[in-house]
Amino acid sequence: MTVQPEVQDQYETYPYPSRNPADEHKRLITGSPSNLAELNHYLFAGKKDFSKPFKALVAGGGTGDATIMLAQQLADASNDGQGQPGQVTYLDLSSASRDIVEARAKERGLNNITFLSGSLLDLPNLALEPFDYIDCCGVLHHLTSPEQGLQALTSVLKEDGGMGIMVYGEYGREGVYPMQDLLRSLSRDCASLSEKVKLTRRLLEKLPPTNSFNRNPFVIDHKASDAELVDLLLHSCDRAYTVPQITDLVASSGLELTTFVEPIRYKIETYVKDAKLLQHAHALPPLEQAAVAEKLASNMKLHVFYLSRQKNTIADLSQAESAIPVFREMQPNAIAESLKKTTTLKSNLDGVPLNLALPRLSSAIAKRCDGKKNLSEIYSELKELDTQLEWDKFLRQFKEFYMAFNDLNHLLLRYEEN
């Protein structure tokens with residue numbers, strides 16, 4: 001087995017992230033990537049039927065957030081409610097982390113997970129059948145060769161499959177790496193990782209206000225638990241990425257970069273409204289525009305993105321009549337009620353306020369985005385309320401509504417098989 005001993009020891013002592021299996025009775029932790037509606041939209045043009053066989057791999061699964069989310073959502077999507085067609089394979093170095101995931105799965109009664117212990121670098125030699133989807137979050141940036149790691153993942157990906165990846169973002173982690181270096185110097189005589197944790201806690205209480213880590217309001221992981229503190233500040237192998245560096249990493253695998261999540265973060269007009277500046281910026285290729293947006297924002301502490309072997313995998317409105325809008329996590333009725341009071345979608349991107357204009361029919365549209373009705377059905381319901389409403393006018397308003405919510409990764413599309 002190919003392992004990094006210090007990394008394995010860290011996650012045996014401090015499984016990450018900190019999770020209590022008993023909490024599974026209270027909630028399902030969801031997020032990006034790997035939400036089924038989301039990966040379907042970005043990787044399978046919204047046309048994947050999850051009631052049919054689907055194989056997912058969570059590589060470097062930690063304490064199991066992605067594994068449990070995928071397994072539960074696949075179980076919910078199956079015809080028998082047990083998730084047998086949808087199978088998840090969990091792979092991680094840490095036996096302590098695996099114990100936590102297995103306990104979480106038991107609490108939920110999930111029986112569609114296969115547990116493996118090992119390194120993702122060994123995937124080419126594990127004789128596994130190819131996967132439809134691979135989740136790899138917070139892992140590649142902890143490898144001595146992220147390129148080798150991504151190539152190992154690619155070796156077990158189906159020809160029409162895709163991946164959801166998360167790596168750290170350089171600009172939003174300002175102060176983290178000087179702090180890591182500082183702690184390496186101060187903790188040389190510490191006999192154990194637990195001693196380093198105590199020393200780190202002591203240092204954090206004494207930092208001067210000018211310290212770059214102290215001045216970064218976006219990095220607060222270390223406040224949650226010792227496991228989060230160790231992962232952030234005491235990791236033995238850790239790097240962060242800019243958009244151009246991600247582009248190079250992806251190029252090394254031969255995959256296509258489908259999209260960054262949330263898309264609005266990577267648009268220059270999110271941060272700059274000056275027409276002359278935008279004219280120059282929009283002359284750049286798309287990925288260079290994303291790199292400019294990243295520098296303008298300077299607050300992205302991580303990058304979430306989807307990769308595919310194929311091109312043009314994102315669902316669109318080219319078949320608008322049969323497109324089914326799906327809120328990723330928001331509740332349609334709650335959104336509809338809030339939009340009765342305003343025609344603006346407000347959000348905040350880690351300190352960047354957003355006020356996105358919405359069309360007149362937004363509340364009525366939101367109420368009907370239940371993940372079941374297609375646009376033709378939604379239009380028919382609205383036309384009963386307003387006989388003067390024409391399809392073209394409705395579609396124009398829906399596109400405005402969709403663009404605002406989709407940019408924030410709130411609203412996605414799916415299509416049912418004919």
Side-chain angles (χ1 to χ4, degrees), residues 28 30-62 64-93 97-98 101-102 104-106 108-137 139-140 149-166 253-256 258 304-310 313 315 412 414-417:
L28 173 67
T30 59
S32 296
S34 302
N35 178 294
L36 280 193
E38 181 181 300
L39 69 89
N40 188 22
H41 175 94
Y42 290 120
L43 292 175
F44 301 106
K47 297 178 180 179
K48 182 65 71 174
D49 181 355
F50 294 107
S51 68
K52 296 181 178 179
F54 184 83
K55 289 172 57 65
L57 168 69
V58 181
D65 286 357
T67 300
I68 298 300
M69 175 177 67
L70 272 168
Q72 184 64 67
Q73 291 185 344
L74 284 168
D76 294 342
S78 65
N79 292 328
D80 62 2
Q82 298 297 313
Q84 295 309 315
Q87 296 290 314
V88 180
T89 297
Y90 165 96
L91 176 68
D92 198 272
L93 288 169
S97 297
R98 174 175 167 172
V101 188
E102 289 186 334
R104 293 176 68 181
K106 184 177 180 180
R108 287 188 167 271
L110 294 170
N111 58 5
N112 57 343
I113 305 173
T114 299
F115 294 95
L116 299 177
S117 295
S119 167
L120 67 82
L121 294 172
D122 294 329
L123 280 169
N125 304 315
L126 295 182
L128 299 174
E129 292 185 6
F131 294 91
D132 298 284
Y133 175 72
I134 298 174
D135 171 291
C136 186
C137 290
V139 181
L140 294 178
L150 187 54
Q151 289 164 10
L153 295 173
T154 305
S155 73
V156 292
L157 183 67
K158 284 186 178 180
E159 194 59 37
D160 61 348
M163 298 186 198
I165 307 289
M166 185 276 279
S253 69
L255 299 175
E256 297 286 332
T258 300
V304 174
F305 51 96
Y306 284 98
L307 305 178
S308 177
R309 289 189 184 275
Q310 310 295 323
T313 62
L412 309 162
R414 75 176 183 89
Y415 288 88
E416 291 186 343
E417 290 186 341

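In this text the structure is predicted, and so the values were computed from the model without any measurement.
Within the 4.5 Å cutoff, the side chain of Thr67 has no heavy atoms near those of the Glu102 side chain. Leu126 is not listed as a side-chain neighbour of Val156, based on a closest heavy-atom distance of 4.5 Å or more. Counting heavy atoms from C-beta on, the side chains of Gln310 and Glu159 come closer than 4.5 Å. Contact of the Asn40 side chain with the Leu412 side chain is not registered, since no non-hydrogen atoms from C-beta on lie closer than 4.5 Å. Residues Leu307 and Leu150 have side chains in contact (heavy-atom distance under 4.5 Å, counting atoms from C-beta outward). Taking the side chain as every heavy atom from C-beta outward, Tyr42 and Thr313 never approach each other to under 4.5 Å. Leu255 places a side-chain heavy atom less than 4.5 Å from the side chain of Leu157.
Shown here are the salt bridge (Lys or Arg N to Asp or Glu O under 4.0 Å) partners of Arg309, two or more places apart in sequence or in another chain: there are none. For Lys47, there are no salt bridge (Lys or Arg N to Asp or Glu O under 4.0 Å) partners at least two apart in sequence or on another chain. Not a single ring pair (Phe, Tyr, Trp, His ring centres under 6.0 Å) links Tyr415 to another residue, sequence neighbours left out.
Minimum heavy-atom separation, Pro33 to Asp135: CG-OD2, 4.0 Å. Considering every non-hydrogen atom in both Ser155 and Pro124, the closest pair reads OG-CG, 3.5 Å. Taking both residues in full, the closest heavy atoms of Ser308 and Leu43 are given as CB-CD2, 4.1 Å, listed atom of the first, atom of the second, then distance. Nearest heavy atom pair, residue Arg108 against residue Leu28, reads NH2-CA, 3.1 Å. Looking at every heavy atom in both residues, Ala152 comes nearest to Leu120 through CB-O, 3.4 Å. Listed here is the closest heavy atom pair of Ala105 and Ile113: CB-CD1, 3.9 Å.
With rounding to the nearest 0.5 angstrom, the CG atom of Leu116 is 8.5 Å from the CG atom of Leu57. To the nearest 0.5 Å, atoms CZ (Phe305) and OG1 (Thr258) are separated by 10.5 Å. Atom OG1 of Thr89 and atom CZ of Phe131 lie 4.0 Å apart (nearest 0.5 Å). Atom CZ of Phe54 sits about 12.0 Å away from atom CD of Gln87, to the nearest 0.5 Å. The CD1 atom of Ile165 sits 5.0 Å away from the SG atom of Cys136 when rounded to the nearest 0.5 Å. With rounding to the nearest 0.5 angstrom, the CG atom of Asp122 is 8.5 Å from the CG atom of Leu91.
Each of Leu70, Asp76, Thr30 was checked for a side-chain contact (heavy atoms from CB on, under 4.5 Å) with Leu36, and the lone residue meeting it is Leu70.
For the residue pair Glu38 and Tyr306, a side-chain donor N or O sits within less than 3.5 Å of a side-chain acceptor on the partner.
No donor-acceptor distance shorter than 3.5 angstrom exists from the side chain of Tyr133 to the backbone of Val58, with no hydrogens or angles considered. Using a distance-only test at 3.5 Å, with no hydrogens or angles considered, no donor-acceptor pair links the side chain of Asp92 to the main chain of Arg98.
Lys106 NZ: 12 or fewer foreign heavy atoms inside a 6.0 Å radius.
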Hey, mind stepping through Arg104 and Asp65 against side chain to side chain contact (heavy atoms under 4.5 Å, CB included) and telling me if it holds?
-> CA-CA 9 Å; Arg104 293 176 68 181; Asp65 286 357; 2.9 Å; yes
